[in-house]
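This report concerns only the one structure given below.
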Amino acid sequence: MQTWNAEVVQYHRLRNDLAVVRLVGDAVPFEAGQSVDVVVPQNPRLTRRYSPALPPSLDGKLEFHVRAVPAGWVSGSIVNETRPGDVWRIGNPGGVLRVDDSGRDVVMIAGGTGLAPMRSIILDLARRESPPQVTLYVGGRSPRDLYASDLLWILVSQLPWLTVVPVVDQLKDPWAPDRYNDGIRAEIAGSAPMFEAEHCWEGSLADVVSVQEPFVDKQVLVCGSPGMEAATVAALLANGTPSEAILR
Ligand SMILES: Cc1cc2nc3c(=O)[nH]c(=O)nc-3n(C[C@H](O)[C@H](O)[C@H](O)COP(=O)(O)OP(=O)(O)OC[C@H]3O[C@@H](n4cnc5c(N)ncnc54)[C@H](O)[C@@H]3O)c2cc1C
């Protein structure tokens, strides 16, 4: 199977358990919304799937958002041990998340790093002459978990066809500090607006979509942990959203 190499050029630790990794290398032939196999030098025998957070670029730019899962082999080493100069092996692009050309409104429901493929699609849609209306429900455990809320704020202010609805399980952040988040907040202190607790709906993504009108004649994209996806799709179906409208 064909593989491509890319070198880490930037590593940003945004939270205790989350890093954004930017790479430059071979142009990988994927489509916005797809995921790829990744092999990192810290664990060269293990392959994991990750979703690029940028649409494909001919100059080989890639970005990944990786959350360290407890006791996970690969994600923990990416978040804790990635260094500029590391070379990642990328392969096997695939997946069905996409927005078609019908012009129908789009509903995106993203839990945690499920935001990555949605962001890739949004940036890809921004290249279209007339993008469809997009509503992005983005979920986390608490406001601190919404790791891209400053970037989403900028996108909403620039893209008139995009609405972002932040959703958190609880409005109060955990008492334990997160030194990476605290450091970033101290650095930007008020200079970069972002989604805060007062902008968030409280509940799970499944709770929130279940009180919406059924998403009929819309394209509904769901991405997150297996549990989040299962609960959200069950809520969508119970709410009257047709199954053929849902991609995950
Ligand atoms: C299509 C797709 C796209 C994805 N995109 C992203 C993305 O963009 N960003 C992202 O962060 N993640 C993404 N993921 C998840 C990613 O592929 C990995 O599953 C995740 O990073 C965990 O990998 P790991 O090696 O750290 O964990 P693993 O070592 O595989 O372990 C996963 C979990 O299983 C538990 N476990 C492992 N072995 C055992 C055992 N023997 N007994 C009991 N429990 C065990 C671990 O404790 C851990 O909680 C995606 C997954 C898919 C399928």
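As the structure lists them, so they are numbered: ligands from 1, and atoms in each ligand from 1. All values below were derived from every heavy atom in this structure, side-chain atoms included, with hydrogens, water molecules and symmetry-related copies excluded.
Within the 4.0 angstrom cut-off, atom 37 (C) of ligand 1 has no protein heavy-atom neighbours. Distances from atom 41 (N) of ligand 1 to the protein include no heavy-atom value under 4.0 Å. The presence of a protein heavy atom under 4.0 Å from atom 16 (C) of ligand 1 is confirmed. Within the 4.0 angstrom cut-off, atom 6 (C) of ligand 1 has one or more protein heavy-atom neighbours.
Which parts of ligand 1 touch V74 is read off a 4.0 Å heavy-atom cut-off, strictly below it: atoms 24 (P), 25 (O), 26 (O). Each of the following atoms of ligand 1 lies closer than 4.0 Å to a heavy atom of V69: 22 (C), 26 (O), 27 (O), 48 (C).
Side chains of V138 and V165 form no contact here, defined as non-hydrogen atoms less than 4.5 Å apart.
The nearest heavy-atom contact from the protein to atom 23 (O) of ligand 1 is R48 NE, 3.5 Å. The single protein non-hydrogen atom nearest to atom 11 (O) of ligand 1 is R67 N, 3.0 Å, given as residue, atom name and distance. Nearest protein heavy-atom neighbour of atom 29 (O) of ligand 1: W73 N, 2.9 Å. The nearest heavy-atom contact from the protein to atom 50 (C) of ligand 1 is R49 O, 3.2 Å. The single protein non-hydrogen atom nearest to atom 12 (N) of ligand 1 is Y50 CE2, 3.4 Å, given as residue, atom name and distance. Atom 27 (O) of ligand 1 has G72 CA, 3.2 Å as its closest protein atom, hydrogens excluded (heavy atom only). Closest to atom 9 (N) of ligand 1, if we only count protein heavy atoms, is H65 O, 2.9 Å. In this structure, atom 1 (C) of ligand 1 lies nearest to the protein heavy atom S35 OG, 3.4 Å.
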(request) Mind running side-chain hydrogen bond (donor to acceptor under 3.5 Å, both in side chains) on R144 and S142 for me, showing each step along the way? (result) CA-CA 5 Å; R144 189 168 80 188; S142 72; 5.3 Å; no
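Ring orientation note: the planes of F215 and Y137 are tilted relative to one another, at an angle of 30° to 60°.
Not a single heavy atom of G95 lies less than 4.0 angstrom from ligand 1.
Under a hydrophobic-cluster definition in which Ile, Leu, Val, Met, Phe, Trp and Tyr are linked whenever side-chain heavy atoms come within less than 4.5 Å, directly or via other members, L125 and V222 are assigned to different clusters.
Of all the heavy atoms in F64 and L62, the pair that sits closest is CE1-CB, 4.1 Å. V28 approaches P93 most closely through the heavy-atom pair CG1-CG, 4.3 Å. N43 and V74 make their closest contact through ND2-CA, 3.9 Å (heavy atoms, listed as atom of the first residue, atom of the second, distance).
Considering CG of L155 and CD1 of I122, their distance stands at 6.5 Å, rounded to 0.5 Å.
Note that R13 lies in the cation-pi zone of Y180, set by a 6.0 Å cut-off to the ring centre and a 45° limit from the axis.
When non-hydrogen atoms are compared, ligand 1 lies under 4.0 Å from neither the backbone nor the side chain of A68. Residue-level proximity to ligand 1 for S51 is carried by backbone and side chain together, each with a heavy atom below 4.0 angstrom.
Ion pairing between R128 and D124 fails under the 4.0 Å rule for side-chain N and carboxylate O. D37 and R49 are joined by a salt bridge, as a carboxylate oxygen and a charged side-chain nitrogen come within less than 4.0 angstrom of each other.
Of the listed residues (S75, A71, P70), the one carrying the non-hydrogen atom nearest atom 26 (O) of ligand 1 is S75.
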